[in-house]
Engineer: 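Quick one: the structure is below, questions incoming.
Just so we're on the same page: letters track the sequence lines, and every chain starts at 1. None of these values were measured; they are calculated from a predicted model.
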2 protein chains.
Amino acid sequence: MCAHPTSASARTRPTIYDVASRAGVSKSLVSLVLRDEPHVSDARRQAVLEAIEELGYRPSRAASALASQQTRSVGVLIDDFRNPWFVELLAGLRSVLDPAGYTVSVADLQLEAASGRNPVDGFLAQHVDTLVLAAEPRAELLRNIPVPVVVAGVRELGPAVLPRADVVAGDDERGGELATRHLLDLGHRRIGHVTGRGGPAAHRRKGYERAMTAAGLRPLVVGAGKGTSEQDGRSGALELLDRVPPVTAIVAANDVMAVGALAALRERGLKAPADVAVVGYDNSPLAAYGYLALTSVDPHSREIGAEAARTLLARLENPDAPRRYALIEPALATRPSTGPSRNGQIHEP
Amino acid sequence: MCAHPTSASARTRPTIYDVASRAGVSKSLVSLVLRDEPHVSDARRQAVLEAIEELGYRPSRAASALASQQTRSVGVLIDDFRNPWFVELLAGLRSVLDPAGYTVSVADLQLEAASGRNPVDGFLAQHVDTLVLAAEPRAELLRNIPVPVVVAGVRELGPAVLPRADVVAGDDERGGELATRHLLDLGHRRIGHVTGRGGPAAHRRKGYERAMTAAGLRPLVVGAGKGTSEQDGRSGALELLDRVPPVTAIVAANDVMAVGALAALRERGLKAPADVAVVGYDNSPLAAYGYLALTSVDPHSREIGAEAARTLLARLENPDAPRRYALIEPALATRPSTGPSRNGQIHEP
DNA sequence: TTGAAAGCGCTAACAT
DNA sequence: ATGTTAGCGCTTTCAA
């Protein structure tokens, strides 16, 4: 005797067996209905659905994972919960993953690293079906990952470290250009840039440099190799403000750094936008606070998330499809931090 | 023939069978070693550990969950990813849950609600062993939850809606008092409070009122029944500033609202702390930004998280233990937003 | 279109 | 201290 159908017992949650016997069908049929398979008669399907409803049946993820060898879960690695740009990314991911029946779990690289854990390993131990990388872990953490990877927002990782990964990223170079052009259009000429470590920052810097060069101006970049925190933004901005002559506008590599730049301005007795204009990047909730009111490049993170999710689903469907590499077009969200300056619209060097 | 030991095949991940045969023991012995059971000889244990290492074996969570009927995972429900107070709470939770071998998954109530999902249900579908509530979902979502619940930071939920839940919360009443006393000590007399919906806000308000009354002053509260966003903070603060005579200090129900208050000040041409002092609550990353530099009540969220996790583990250990109700003592983090005011230290009504 | 039966990889009760 | 064995609740051939 191998099989021992569970009887509909009193205490325990109903199982597929209970549903089956209540609907007067076999367990297999219930399984088919659950997964929306086409070849089931309407009558049976109806009966099963009713039984499910009446019993309040909920399939066991563990059992289904064990039997099917897939968890229907995806791990999302973000950089730092304190930098709120990830919120929209997550919303976008879930908007398509949820309807598809996938669970998403999130980890914060900073937090994991701080406690000496390996977040990628953690996800693999959970047996996620796939990994979304919205951060840049050290390359050694990414050695032979046995599941598909989608890089979201950090295209640097794509070709180099993870040759097989799909990439859906914001066009950060374009974004850096947008920010700088906006300042140029406002009449600024001495525009400085505070950059930092990492792929996104590098692309944003490149965009800034391209726009400056195109306008016949010399790029002025600080913070290369440093971090991307508020403090880094502040010290970079101070450096720019202390140049002679000082800058009249600052492009920061992200919103948090832009907030740091605002602090630097105040320390020097200056105001944005009257004395110095400031532009951030990410269009995070931070930028929208009335007190900060930062003009910021909007990478359309929600769309990046949704597209990354679609890519991931497609990849799961077809593991051998050619690698996807999508760049989402950013836009500029204009706010008072680049409003009219003290000297009218025109800044001369 | 019922049993079919998996042979160590080429493609598939190693299983407990592979480890067992490699170590020359039975599967059960491996299982015992994995779970650190005491009664295993050192020799065997060593052999098993080596086999695990050599094979790169990773236990299957699905299988173990199915067999043991527990997932070793906990669901954490926070209110809103955009309000960064949760970061430390999470860090605290993980600091004790990780070593205990528990996985934590996080959901954002706002996000879930926005997409019409039921986050509690989502967690239950994942079969989390227990739920941590760091938010206040509508009561109907909390009807007969079949797993232990720990309320972290939102003690309002405790006795009322979830009579059986353990509670580990910040002493928000004490915190509101701390904030207000600080202002009183600075010489302020016309101190207004911007509150909002929800348990934490209610307790903080009560603390504010207590401190005011104790000082022989009339409490001045706005925003009751409204939200707790930056915009709510701003409009509440505007209301306080437009009183005649206007307030000289504002206690906000959280940091995000305090940032809103700063915006309100600027709209009225006022500055903090010179014209009006501002205190936030949560001591979130926001408060520490140089440009905001908010004095803020620190609820010790990390400690709350760690204590909540310990409580949870204890509850899992002993389901019938008496209900735990712990209040963590807050502290005040002093920053420039309550620095010396324009008129010296003394504010007369 | 539906059912029977054999596992998925592990745990736990029981034997030894 | 270690091995045997029967499931956990589902998926998935394979037959019918």
Engineer: ring-ring contact (aromatic ring centres under 6.0 Å, His included) with Phe123(A): which residues, sequence neighbours excluded?
Structural biologist: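 Counting only residues at least two positions away or on another chain, Phe123(A) forms no ring-ring contact (aromatic ring centres under 6.0 Å, His included).
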Engineer: My understanding is that only residues two or more places apart in sequence, or in another chain, count here; which of them pass side-chain hydrogen bond (donor to acceptor under 3.5 Å, both in side chains) with Thr71(A)?
Structural biologist: Ser73(A), Asp129(A)
Engineer: Show me the pairs that pass salt bridge (Lys or Arg N to Asp or Glu O under 4.0 Å) and involve residues 68-81 of chain B, at least two apart or across chains.
Structural biologist: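 Salt bridge (Lys or Arg N to Asp or Glu O under 4.0 Å) check on residues 68-81 of chain B returns Asp80(B)-Arg82(B).
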Engineer: What pairs with Asp166(B) under salt bridge (Lys or Arg N to Asp or Glu O under 4.0 Å), at least two apart in sequence or on another chain?
Structural biologist: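 Salt bridge (Lys or Arg N to Asp or Glu O under 4.0 Å) list for Asp166(B), sorted by chain: Arg315(B).
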Engineer: What's the CD-P distance between Gln126(B) and dG9(D), to the nearest Å?
Structural biologist: 19 Å
Engineer: What side-chain donor-acceptor pairs closer than 3.5 Å can you find for residues 95-104 of chain A, not counting sequence neighbours?
Structural biologist:
unit_1    : atom_1 : unit_2    : atom_2 : d
Ser95(A)  : OG     : Gly92(A)  : O      : 2.6
Asp98(A)  : OD1    : Arg94(A)  : NH2    : 3.3
Asp98(A)  : OD2    : Arg94(A)  : NE     : 3.2
Asp98(A)  : OD2    : Arg94(A)  : NH2    : 3.2
Asp98(A)  : OD2    : Arg117(B) : NE     : 2.9
Asp98(A)  : OD2    : Arg117(B) : NH1    : 3.1
Asp98(A)  : OD2    : Arg117(B) : NH2    : 2.9
Thr103(A) : OG1    : Arg61(A)  : NH2    : 2.9

Engineer: Using the C1' atoms of five pairs at each end, what's the angle between the two axes of the helix from dT1(C)-dA16(D) to dT16(C)-dA1(D), to 10 degrees?
Structural biologist: 30°
Engineer: Please list, chain by chain and in numerical order, all residues satisfying salt bridge (Lys or Arg N to Asp or Glu O under 4.0 Å) with Glu54(B), sequence neighbours excluded.
Structural biologist: Arg22(B)
Engineer: What's the CG-C1' distance between Leu55(B) and dG9(C), to the nearest Å?
Structural biologist: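 About 14 Å, once rounded to whole Å.
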Engineer: Under the side-chain contact (heavy atoms from CB on, under 4.5 Å) rule, collect the residues that match up with Arg44(A), sequence neighbours excluded.
Structural biologist: Val25(A), Leu29(A), Val40(A), Ser41(A)
Engineer: For His127(B), check side-chain hydrogen bond (donor to acceptor under 3.5 Å, both in side chains) against everything at least two apart and list the hits.
Structural biologist: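 Scan of His127(B) (side-chain hydrogen bond (donor to acceptor under 3.5 Å, both in side chains), adjacent residues dropped) gives Arg13(A).
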Engineer: Check nucleotides 14-16 of chain D against the protein and report each pair of N or O atoms closer than 3.5 Å, with its distance, or say if there are none.
Structural biologist:
none

Engineer: Taking the side chain of Ser41(A) as heavy atoms from C-beta outward, which of dC8(C), dT1(C), dG9(D) is closest to it?
Structural biologist: dT1(C)
Engineer: Grab the CG-C1' distance between Leu29(B) and dA15(C) for me, whole Å please.
Structural biologist: 15 Å
Engineer: Select from Gly24(B) and Leu66(B) the residue whose nearest nucleotide in DNA chain D is closer to the 5' end of that strand.
Structural biologist: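 That would be Gly24(B).
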Engineer: On the nucleotide dG7(C), are OP1 or OP2 found under 4.0 Å from the side-chain N or O atoms that Gln69(A) carries?
Structural biologist: no
Engineer: Anything under 3.5 Å between a protein N or O and an N or O of nucleotides 10-13 of chain C, put it in a table, one pair a line.
Structural biologist:
unit_1  : atom_1 : unit_2   : atom_2 : d
dC10(C) : OP1    : Tyr57(B) : OH     : 2.4
dC10(C) : OP1    : Ser60(B) : N      : 3.1
dC10(C) : OP2    : Ile16(B) : N      : 2.3
dC10(C) : N4     : Tyr17(B) : OH     : 3.2
dT11(C) : OP2    : Ser31(B) : OG     : 2.6
dA12(C) : OP2    : Arg35(B) : NH1    : 2.9
dA12(C) : N6     : Ser28(B) : OG     : 3.4

Engineer: Is Arg155(A) salt-bridged to Glu136(A), going by a charged N under 4.0 Å from an acidic O?
Structural biologist: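 No, Arg155(A) and Glu136(A) are not salt-bridged.
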Engineer: On the 0 to 90° scale, with breaks at 30° and 60°, tag the Phe86(B)-Phe81(B) ring pair as parallel, tilted or perpendicular.
Structural biologist: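 Rings of Phe86(B) and Phe81(B): tilted, as their planes differ by 30° to 60°.
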Engineer: Please identify each residue that fulfils salt bridge (Lys or Arg N to Asp or Glu O under 4.0 Å) with Glu140(B), with sequence neighbours left out.
Structural biologist: Arg138(B)
Engineer: Side-chain N or O of Arg44(A) versus OP1/OP2 of dT2(C): is the shortest distance under 4.0 Å?
Structural biologist: yes
